[in-house]
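Fair warning: this is a prediction, and the values are worked out from it, not measured in the lab.
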Amino acid sequence: MKFYALYETAKSSGQYVLGSALIEADSTTAALAIAQASAPAGCRTGVWPFRQVSGTPDAVPPTADEAGKQYDVLVQAGGASDVFRPDGQVFASVAADAAGMCLSLERFFGYRLGLIPQNAQPAAEPTATPATTPATTETPAATSDAADQKTS
């Protein structure tokens with residue numbers, strides 16, 4: 001199956017834009033794994049199933065890692081220049097991969113549908129590396145003779 005990544009426009013914005021690279025994968029889960037590898041830090045990732053020819057797609061049975069997965073549906077109702085947004089629908093890969101339902105219902109609704117895993121987590125933020133101080137071989141004395149002499 002073919003997909004394009006959907007990347008959240010900013011942290012927790014709930015709005016997604018299409019990535020530019022075509023992803024070929026055996027399932028929605030596999031496509032998500034590929035898309036998430038280049039996700040912007042702190043943003044969630046979905047996928048838009050793509051079919052170059054018109055007509056109803058063939059039903060694709062879910063792979064073992066796909067079976068039972070549930071997805072929130074993202075819609076691009078305002079046309080190709082609009083962003084994708086959640087619309088409250090949930091699709092599941094039960095008898096067929098959920099991507100096929102998106103492709104079929106796009107023809108019915110007249111706009112694009114994408115998928116994001118339910119409870120999707122944002123991509124990891126880069127971790128800041130703590131500044132290190134150079135190690136010294138000298139150890140300060142607990143007391144110094146000069147300090148002892150001043151107090152006497």
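- Ionic pairing of E8 and R44 is present here: one or more N-O contacts between side-chain nitrogen and carboxylate oxygen are shorter than 4.0 angstrom.
- The closest donor-acceptor contact from the side chain of E106 to the backbone of Y111 lies at 3.5 Å or more, if one exists at all.
- We find the CD-SG distance between Q89 and C102 to be 9.0 Å, quoted to the nearest 0.5 Å.
- Considering only heavy atoms from C-beta on, V60 comes within 4.5 Å of M1 through its side chain.
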**Prompt:** Where do V75 and R112 land on the side chain to side chain contact (heavy atoms under 4.5 Å, CB included) test, with the steps shown first?
**Reply:** CA-CA 6 Å; V75 300; R112 295 175 179 169; over 6 Å; no
Contacts under 3.5 angstrom, residues 114-125 side chains, donor-acceptor by atom type, not counting sequence neighbours:
| residue | atom | partner | partner atom | Å |
| --- | --- | --- | --- | --- |
| Q118 | NE2 | D72 | OD1 | 3.1 |
| Q121 | NE2 | N119 | O | 3.0 |
| E125 | OE2 | K11 | NZ | 2.8 |

**Message:** Run the side chain to side chain contact (heavy atoms under 4.5 Å, CB included) test on Y7 and L18 for me, step by step, so that the C-alpha distance in whole Å, both residues' side-chain angles and the decisive distance to 0.1 Å come before the verdict.
**Reply:** CA-CA 7 Å; Y7 295 118; L18 278 172; over 6 Å; no
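- Between Y71 and F91, the distance from one ring center to the other does not fall under 6.0 angstrom.
- When atom types are taken as modelled, the side chain of D97 and the backbone of T63 share no donor-acceptor pair closer than 3.5 angstrom.
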**Worked check of side chain to side chain contact (heavy atoms under 4.5 Å, CB included) between V90 and V73** = CA-CA 6 Å; V90 175; V73 178; 5.9 Å; no
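- Heavy atoms only, all atoms of each residue included: P62 and A95 are closest at CD-O, 3.6 Å.
- Note that CG of L6 is 12.5 Å distant from CD of Q15, once rounded to the nearest 0.5 Å.
- Residue C43 holds its SG atom at 8.5 Å from OH of Y16, rounded to the nearest 0.5 Å.
- Within 6.0 Å of CG in D26 there are 12 or fewer heavy atoms belonging to other residues, nucleotides or ligands.
- Atom CG of L22 and atom CD1 of I34 lie 10.0 Å apart (nearest 0.5 Å).
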**Message:** Under the criterion ring pair (Phe, Tyr, Trp, His ring centres under 6.0 Å), I'd like the reasoning laid out for Y4 against F50: C-alpha separation, chi angles, the key distance, then a yes or no.
**Reply:** CA-CA 7 Å; Y4 280 94; F50 175 73; 5.4 Å; yes
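- In this structure, F84 and W48 have tilted ring planes: the angle between them lies in the 30° to 60° band.
- No side-chain donor from either of D65 and T29 sits under 3.5 Å from a side-chain acceptor of the other.
- In this structure, a donor-acceptor pair under 3.5 Å is present between the side chains of S93 and E66.
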